[in-house]
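Encoded as structure tokens, the structure appears first; notes follow it.
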Amino acid sequence: MFLSYSFRLAMQSIWREKWINLLSVLTIAAGLLIITLALFSIYNINLATKKLPEKFSIMLYLKDGLSDQDIGNITAALMKDNAVEKVKYIPKDEAIKELRGVIKDADYILEGLNENPLPASIELKLKQKYFDPSTVKRLASDIKRIKGVDEVEFGEQFLTSIHSIKTGVQTLGILLIAILSAGIIFVCYSTVKILFYRKKEEIETLKLLGATRGFIRAPFVIEGGLLGGAGGFFGMVGALAFYYGLFNRLTLTMPLFKGVVFPFEMFIFLPLVGLFLGITGAIIALGRIRF
Amino acid sequence: MFLSYSFRLAMQSIWREKWINLLSVLTIAAGLLIITLALFSIYNINLATKKLPEKFSIMLYLKDGLSDQDIGNITAALMKDNAVEKVKYIPKDEAIKELRGVIKDADYILEGLNENPLPASIELKLKQKYFDPSTVKRLASDIKRIKGVDEVEFGEQFLTSIHSIKTGVQTLGILLIAILSAGIIFVCYSTVKILFYRKKEEIETLKLLGATRGFIRAPFVIEGGLLGGAGGFFGMVGALAFYYGLFNRLTLTMPLFKGVVFPFEMFIFLPLVGLFLGITGAIIALGRIRF
Amino acid sequence: MIHFYNVSKFYENQTAIRNITFSVEKGEMAFITGKSGAGKSTLLKLIYVAEKPDEGKISIAGWETDKLKESSIPFLRRNIGIVFQDFRLLDNKNVFDNVALTLRIRGVDENEVKTRVFDALKMVTLRHKTGSFPKTLSGGEQQMVVIARAIVGEPTILLADEPTGNLDPDTAAGIIRVFKEINAKGITILIATHNRELFRNTGRRVIRLDTGNFVGEEAG
Amino acid sequence: MIHFYNVSKFYENQTAIRNITFSVEKGEMAFITGKSGAGKSTLLKLIYVAEKPDEGKISIAGWETDKLKESSIPFLRRNIGIVFQDFRLLDNKNVFDNVALTLRIRGVDENEVKTRVFDALKMVTLRHKTGSFPKTLSGGEQQMVVIARAIVGEPTILLADEPTGNLDPDTAAGIIRVFKEINAKGITILIATHNRELFRNTGRRVIRLDTGNFVGEEAG
Ligand SMILES: Nc1ncnc2c1ncn2[C@@H]1O[C@H](COP(=O)(O)OP(=O)(O)OP(=O)(O)O)[C@@H](O)[C@H]1O
Ligand SMILES: Nc1ncnc2c1ncn2[C@@H]1O[C@H](COP(=O)(O)OP(=O)(O)OP(=O)(O)O)[C@@H](O)[C@H]1O
Ligand SMILES: [Mg+2]
Ligand SMILES: [Mg+2]
């Protein structure tokens with residue numbers, strides 16, 4: 001097989017033009033690093049918004065004088081709904097306790113009241129995937145019709161703003177990744193295309209000496225793969241440096257960054273992604289070879 | 001002068017290798033576009049965090065039975081501090097009104113109270129530039145020592161988290177811009193360097209025919225400038241397309257994006273930035289020419 | 001071995017070959033001569049399928065070039081050793097690797113590559129320049145590297161385009177001796193040249209071209 | 001015009017020129033000959049300062065090359081027209097622009113460029129190929145473009161390295177006639193060649209080199 005020769009050729013070519021190739025590798029590395037950081041940011045922002053539904057709840061204020069049976073019925077009716085994750089009954093006693101917590105310093109105002117003026121209530125938590133304004137509104141109007149329910153309350157503004165943050169981050173994220181991916185593929189392509197332009201004469205000569213398409217292509221594909229792989233490797237080194245050198249330190253001084261998750265698989269795959277992009281770029285750049 | 005000839009040469013060279021040059025231009029454009037979007041994001045996040053101090057206040061709870069004179073003295077003492085932007089006196093009456101607002105449904109609890117149990121208070125707003133945890137803490141302990149002040153309260157957690165958001169965004173922002181700037185300068189440099197490698201033979205021949213350094217350099221510098229300028233122009237087109245095509249529409253459906261500001265000067269300068277980077281890259285890439 | 005039937009080749013504003021019919025038989029050593037621009041190089045290019053004829057048919061070593069699949073072209077070319085007029089040496093490879101290319105393309109074993117390349121370089125008296133790069137060689141030395149590259153593959157047909165343009169008369173005579181040795185082994189040789197000294201008194205066939213036209217044959 | 005005093009030039013593993021002293025006077029037309037690798041091209045390179053001597057002194061048209069500031073080298077070269085052995089044509093420029101380069105480098109007015117380039121192309125009988133690119137020219141046509149580029153600048157010294165290697169004898173004789181015409185105008189000409197026909201019976205001085213050594217002078 002000529003592959004070992006092709007490999008040697010590719011290595012020679014890389015070494016002979018080491019500076020220009022270092023440039024290419026660094027460009028690819030920078031591109032992959034930026035894409036990694038972008039993915040990382042999006043991943044984490046998404047993770048953070050995912051936690052938000054836990055903080056959102058629908059409150060049902062119940063009519064006075066319901067029996068335990070009635071309350072059980074209401075709870076059962078609520079649990080039937082797909083969107084409902086958790087139901088929590090809050091009796092009148094607990095409601096007043098909570099109010100005491102809210103007015104703190106002035107809780108002596110509440111002393112001397114004979115009757116508890118607050119209604120019992122039920123707190124509803126929603127499932128992650130049903131967390132959107134339309135489901136919540138539908139649910140609220142359904143609930144209102146349940147016997148024994150006096151009033152339904154939910155943070156409508158909170159709900160819509162959370163929802164727009166989520167869709168906003170997703171849209172922008174996908175957009176950013178699309179732009180950056182196009183950018184990195186483009187860099188790989190143009191790196192190999194330039195390589196190809198540089199070797200145009202050489203390819204002509206090889207053809208005239210009787211080289212087959214495979215023989216001509218092999219060193220380019222290997223070279224593209226090596227450059228891409230090396231770019232990916234350096235991108236990984238950069239990303240790890242970013243993580244350990246900078247991010248870990250930020251976390252120490254800024255609690256905001258705690259709870260941020262690093263998808264390590266992404267790093268390990270960077271050289272493979274680089275390799276793949278390099279080879280793809282090389283094949284696209286070579287195009288069809290005509291004799 | 002040979003400049004018109006150099007210009008013609010540069011145009012010819014660009015045209016002759018139009019595809020490879022289109023690649024270069026698009027790479028530069030993509031780089032500048034990403035930098036613009038990054039700057040734009042950072043600018044707006046910064047703008048948003050700047051508005052946060054308005055929502056932060058320090059509360060001074062006053063002792064009972066202070067005269068108007070005493071209150072005037074306290075206010076004057078507070079205003080002397082550089083960090084203080086605004087001072088607002090909240091008398092006991094108003095405090096109880098606010099409390100009524102808070103407990104809403106249950107405000108009848110407060111009825112029948114003979115005496116207003118709440119203290120009078122002063123709300124302090126800080127100046128933008130003094131908005132950091134250490135100043136606030138210093139201020140709080142100073143204020144506590146003023147005669148007539150009973151207690152000082154401020155959202156310590158809110159304060160620190162806002163502060164870490166701000167420094168976090170700034171640090172990450174500067175970092176991102178640094179990486180991207182290095183990236184774009186790198187792309188310009190390597191574009192011209194590749195151009196230079198491609199023309200190595202030609203340069204050798206020109207030297208042997210008696211061309212001066214200026215004559216050899218001129219077409220490269222012009223070509224670099226044109227490529228960079230064109231890259232900047234397309235970057236600007238991209239940024240404008242991004243703004244009008246996508247961002248404006250996002251604003252319509254997502255209120256979150258309202259209030260986002262577009263620094264238009266940045267766009268107008270993009271072609272100039274590209275021109276500058278292209279010329280700089282060309283000059284660096286050419287290096288010293290030896291005969 | 002080489003057969004042209006009414007072959008013509010036109011460039012935009014130029015007739016390079018006009019209606020030429022001729023044959024070179026197996027084991028023959030023939031010359032093509034004619035003024036600058038007469039069509040000598042074009043004729044050779046038609047043989048190694050770097051150009052396609054606009055009219056007529058060409059058959060090379062039994063392959064009909066018009067029926068040739070594109071993917072077979074490399075295998076036709078492996079039968080042909082070519083001394084290019086413009087050398088076509090790879091500047092980024094040294095003499096050894098330039099010559100070895102012919103063999104490596106065919107997937108020849110590295111040990112065999114070594115012996116055969118050194119043998120070929122010995123034939124053109126260039127063994128002392130094995131490690132040099134083309135740009136550091138004199139014009140004549142470069143031309144000898146090209147000749148070595150053409151003969152190292154032991155082709156069945158050898159085409160040489162002005163193979164002695166940069167060689168002094170003694171060296172040129174030496175090269176022609178090498179060609180004759182190879183020819184004696186049964187290899188068909190076709191040489192395009194201006195240099196009358198090369199074919200004078202060889203008794204070999206000389207084909208004369210003038211602005212694309214066949215204008216006669218003679219014995220050198 | 002050209003003076004060499006005890007000049008030597010060594011490459012890593014090669015002596016290209018050894019202790020050579022000679023002069024070519026203003027208006028003279030001389031030849032350098034010698035085997036392949038004898039040092040002819042190196043000698044010419046020393047004249048146009050593409051190489052620096054390792055020993056000895058060289059003076060060209062009154063400039064001492066060892067005292068020459070680097071920024072003056074272009075101005076020395078503008079006195080010299082060179083026919084390169086490896087042509088050095090720019091593939092991305094057509095014939096006109098290749099020849100015009102010599103003048104454009106000097107900042108000559110475009111109208112004058114046009115007349116002078118056409119005149120030079122007429123001298124080498126290539127006016128019909130003005131718009132062609134080097135790769136579409138025959139070997140001989142390319143060589144004539146190089147000659148046109150060398151003479152169009154009306155140099156005081158003309159160096160030609162194997163200027164007829166790709167030309168047929170008739171065309172070669174024509175080129176030598178052109179050189180003689182130019183020489184008659186007082187231009188100093190130095191031609192490196194293997195081709196004895198070029199200097200045979202010219203009566204001009206022939207300098208003979210052998211592996212870097214000066215081995216004699218004769219009249220052609
Ligand atoms: N690719 C091409 N495009 C256009 N014209 C061409 C091309 N190749 C060759 N020609 C023209 O065809 C004619 C014949 O060229 P060819 O190279 O065959 O001549 P030649 O006999 O080899 O001459 P020389 O002895 O100078 O090498 C020339 O006039 C040349 O300009
Ligand atoms: N840059 C270089 N590095 C190393 N050796 C060189 C270099 N240039 C020339 N040489 C060697 O110096 C010797 C003289 O070369 P030169 O080109 O002067 O020969 P020449 O007389 O012009 O030969 P030819 O007639 O073949 O062109 C040769 O052996 C050549 O290999
Ligand atoms: Mg030819
Ligand atoms: Mg030479």
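Labels below follow one simple rule: chain letters A, B, ... track the order of the sequence lines, proteins then strands, and each chain is numbered from 1.
Rounding to the nearest 0.5 Å gives a distance of 10.0 Å between OH of A/Tyr5 and CG of C/Leu103. The structure places CZ of A/Phe215 at 8.5 Å from CZ of C/Arg104, a figure rounded to the nearest 0.5 Å.
The number of heavy-atom neighbours closer than 6.0 Å to NZ of C/Lys93, taken from other residues, nucleotides and ligands shown, is above 12. Crowding of A/Lys199 atom NZ: a count of heavy atoms from other residues, nucleotides or ligands under 6.0 Å exceeding 12. Within 6.0 Å of the CZ atom in C/Phe214, the count of heavy atoms belonging to other residues, nucleotides or ligands exceeds 12. When the shell of 6.0 Å around CZ of C/Phe22 is examined, it contains more than 12 heavy atoms from other residues, nucleotides or ligands. Counted within 6.0 Å of CZ on A/Phe291, heavy atoms from surrounding residues, nucleotides or ligands total more than 12; the atom is thus considered enclosed. More than 12 heavy atoms of other residues, nucleotides or ligands sit less than 6.0 Å from atom NZ of A/Lys18. The 12-atom threshold is not exceeded at CZ of A/Phe269, counting heavy atoms of other residues, nucleotides or ligands nearer than 6.0 Å. The number of heavy-atom neighbours closer than 6.0 Å to CZ of A/Phe276, taken from other residues, nucleotides and ligands shown, is 12 or below.
Among C/Ile73, C/Thr102, C/Leu90, C/Asn92, the residue with the largest count of heavy-atom pairs under 4.5 Å with chain A is C/Asn92. Note: C/Leu101 leads C/Ile82, C/Val108, C/Leu101 in heavy-atom pairs under 4.5 Å with chain A.
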For this session: For C/Glu70 and A/Ile289, run side-chain contact (heavy atoms from CB on, under 4.5 Å): C-alpha distance rounded to whole Å, both residues' side-chain angles, the deciding distance at 0.1 Å, then the answer.
Result: CA-CA 10 Å; C/Glu70 222 193 297; A/Ile289 290 175; over 6 Å; no
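Scanning both residues, A/Gly210 and C/Arg78, for their nearest heavy atoms gives O-NE, 2.9 Å.
Residues of residues 201-209 of chain A lying under 4.5 angstrom from chain C, judged on non-hydrogen atoms, are A/Glu201, A/Glu202, A/Glu204, A/Thr205, A/Leu206, A/Lys207, A/Leu208, A/Leu209 by number.
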